[in-house]
Amino acid sequence: MADTKGITPRGEDFSAWYNEVVLAAELADYSPVRGSMVIRPWGYGIWENMQRALDSLFKETGHENAYFPLLIPMSFIEKEKEHVEGFAPELAVVTQAGGKELEEPLVVRPTSETIIYHMYAKWVQSYRDLPILLNQWCNVMRWELRTRLFLRTAEFLWQEGHTAHATAAEAEEEARRMLGIYRRFMEEWIAMPPITGMKTDSEKFAGAVRSYSCEALMQDNKALQAGTSHFLGQNFARQFDLKFQSEEGKEEYAWNTSWGVSTRLIGGMVLTHGDDVGIVVPPRLAPIQVVVVPIWKSVAEGSAVREKAHLLSRLLKDAGVRTRVDDRDHLTPGAKFWEWERKGVPFRLEIGPKDLEKGQVVLVRRVALEGESRKLFLPEGQAVTELPGYLEEFQKGLLEAARKRREANSYRGVADLGEMKEILDGPGGFVYTGWSGDPAVEARVKEETRATVRVIVDPEFRSAEPPRRCIGGGEARMEVVWARAY
RNA sequence: CGGGGUGUGGCGCAGUCCGGUAGCGCGCCUGCUUUGGGAGCAGGAGGUCCCGGGUUCGAAUCCCGGCGCCCCGACCA
């Protein structure tokens, strides 16, 4: 397994590894337009599985899908002061259409708060019209200076949920609920366990009162902001006149939330599980969970082995397993093995003449679970009945490994800037410290370490002992997690 | 936007210093033999050498000016 043909090992140049592995797995390819990418079928299939899972989680919590337009009047974006300041530098603007200069420039949406709350204002009169719980799946555009496949592209696919509520408490609860759903999705589907918490003022969404975030630790010990949920207060409601009459007959502004995850999650999956051979796709996200590879020598063997491969594949499909038989005959088995491993298919089922004789199959995992061998020889009937269980076990194994790695690279109770620098310049990781809440300290530490506060950490992730000492001095009023981030 | 690198068949590169009309590996096509970890042999297809000027009898190569892409930084809910 030392020979990975062309892929730069992670240890040599992590950044090169990432680019190469994304291209080699055929997740995506560069497009002719700077900063934008083509998502290829294998990558899109993973995205579709993410969408399916998230979409049902949203529906289960009472949300519906809708679609709002791509183009937003410039004046909408300009209404909320912080919002426009946050997004102005990265807007793509349409100034001409139909061969004529437009009277008002149209912005290609970087996010849809403004147009959505404009519409909500039309739809809401009474408290009886609330809450509105909508989501949309769409593309957005942010003209980033420096782009990377999946992690930061000029155009990306995402979902954005936008809700309106009658009370602050209800909106706050919604923002928190969706953060929880993101966390659950990341753990149970991507096997990428994030920490959660609130953003500091300097890191929060432009226009939000509070932002909550899921932050995952990648293999190079940099943080990835993987999903955010915002309590918007009445900031947008006021600018877009989103008012309702309360039960008491008073006119009030609605309370909003917005929340989103994007194709960046695919980058997170790669950076969490990939190895020097290629990517590793968790079973629940894999478009193909088991690839069946028939192996033969003579023509007679070929047809017998292929027949068995297709039979097993059908049985597996009936058992709810996504399979494909790779019976291309211009490739040797070895070539197929490498190809599917590069693409991260969780399991491979080999069937050769020897197996046929013995009524067995060879089952090979994409990566070895702790303490187990990659390869299993199983009676063919057993392979079919056991595979769904093996897939779940593999899924859990990935999550466990990722959780262990996260904890092994988390440093708690740090209070000294020198120590923090040493960690960040060395192995990197999540650094837990006390913080006074002083933005000047935050800025200074960022300046000196190039790390940012990822979150003011939620109770569940806090250290057993609340920090007494504080980074940058002052009284430790909260615990925060620092890291260098994507 | 600053620094660095790079641009030559689909991909990866050599050739550039020292000018003479383009080559290697992989991939692709055809045929035969193969197939338990990236198959072998034989034959074949495929290139405005990033673009525009200039020098020259002649430019992938030298000169001038652009552009693209990648990496690092700045920037980036």
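What you see is a predicted model; the values in this text were computed from it and never measured. Letters A, B, ... mirror the listed sequences (proteins, then strands); counts begin at 1.
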message = Between G37(B) and Arg348(A), counting only base atoms on the nucleotide and side-chain atoms on the residue, is there a donor-acceptor pair under 3.5 Å?
response = yes

Side-chain-base donor-acceptor pair under 3.5 Å for Glu203(A) and A77(B) = no

task = Provide, to the nearest angstrom, the distance between the CD1 atom belonging to Ile7(A) and the C1' atom belonging to G38(B).
result = 12 Å

query = NA contact type, Trp340(A), heavy-atom cut-off 4.0 Å: base, sugar-phosphate, or nothing?
reply = nothing

Between C49(B) and A60(B) - C1' atom distance, rounded Å = 5 Å

task = Quick one: label Gly86(A) by what it contacts on the DNA or RNA (base, sugar-phosphate, nothing), any heavy atom closer than 4.0 Å.
result = sugar-phosphate

request  = Nearest whole angstrom, please: distance from the C1' of G38(B) to the CZ of Phe337(A).
outcome  = 11 Å

ask   = Atom CZ of Arg484(A) and atom P of G73(B): how far apart are they, to the nearest Å?
value = 9 Å

query = Looking for any heavy atom pair under 4.0 Å, which part of the strands does Arg328(A) touch: base, sugar-phosphate only, or nothing?
reply = nothing

ask   = Between G37(B) atom P and Asp326(A) atom CG, what is the distance in whole Å?
value = 15 Å

request  = Please work out if Ser211(A) contacts a base, only the sugar-phosphate, or nothing of the nucleic acid, heavy-atom cut-off 4.0 Å.
outcome  = nothing

query = Base, sugar-phosphate alone, or nothing: which one does Lys354(A) contact when heavy atoms must sit under 4.0 Å apart?
reply = base

query = Between His83(A) and Phe205(A), does the ring centre distance come in under 6.0 Å?
reply = yes

inquiry  = Any side-chain N or O of Arg450(A) below 4.0 angstrom from OP1/OP2 of G73(B)?
reply    = yes

task = Starting from C1' on C71(B), measure out to CG on Asp13(A) and report it in whole angstrom.
result = 8 Å

message = Is it the case that G37(B) (base atoms only) and Glu341(A) (side chain only) share a donor and an acceptor within less than 3.5 Å, ignoring hydrogens and angles?
response = yes

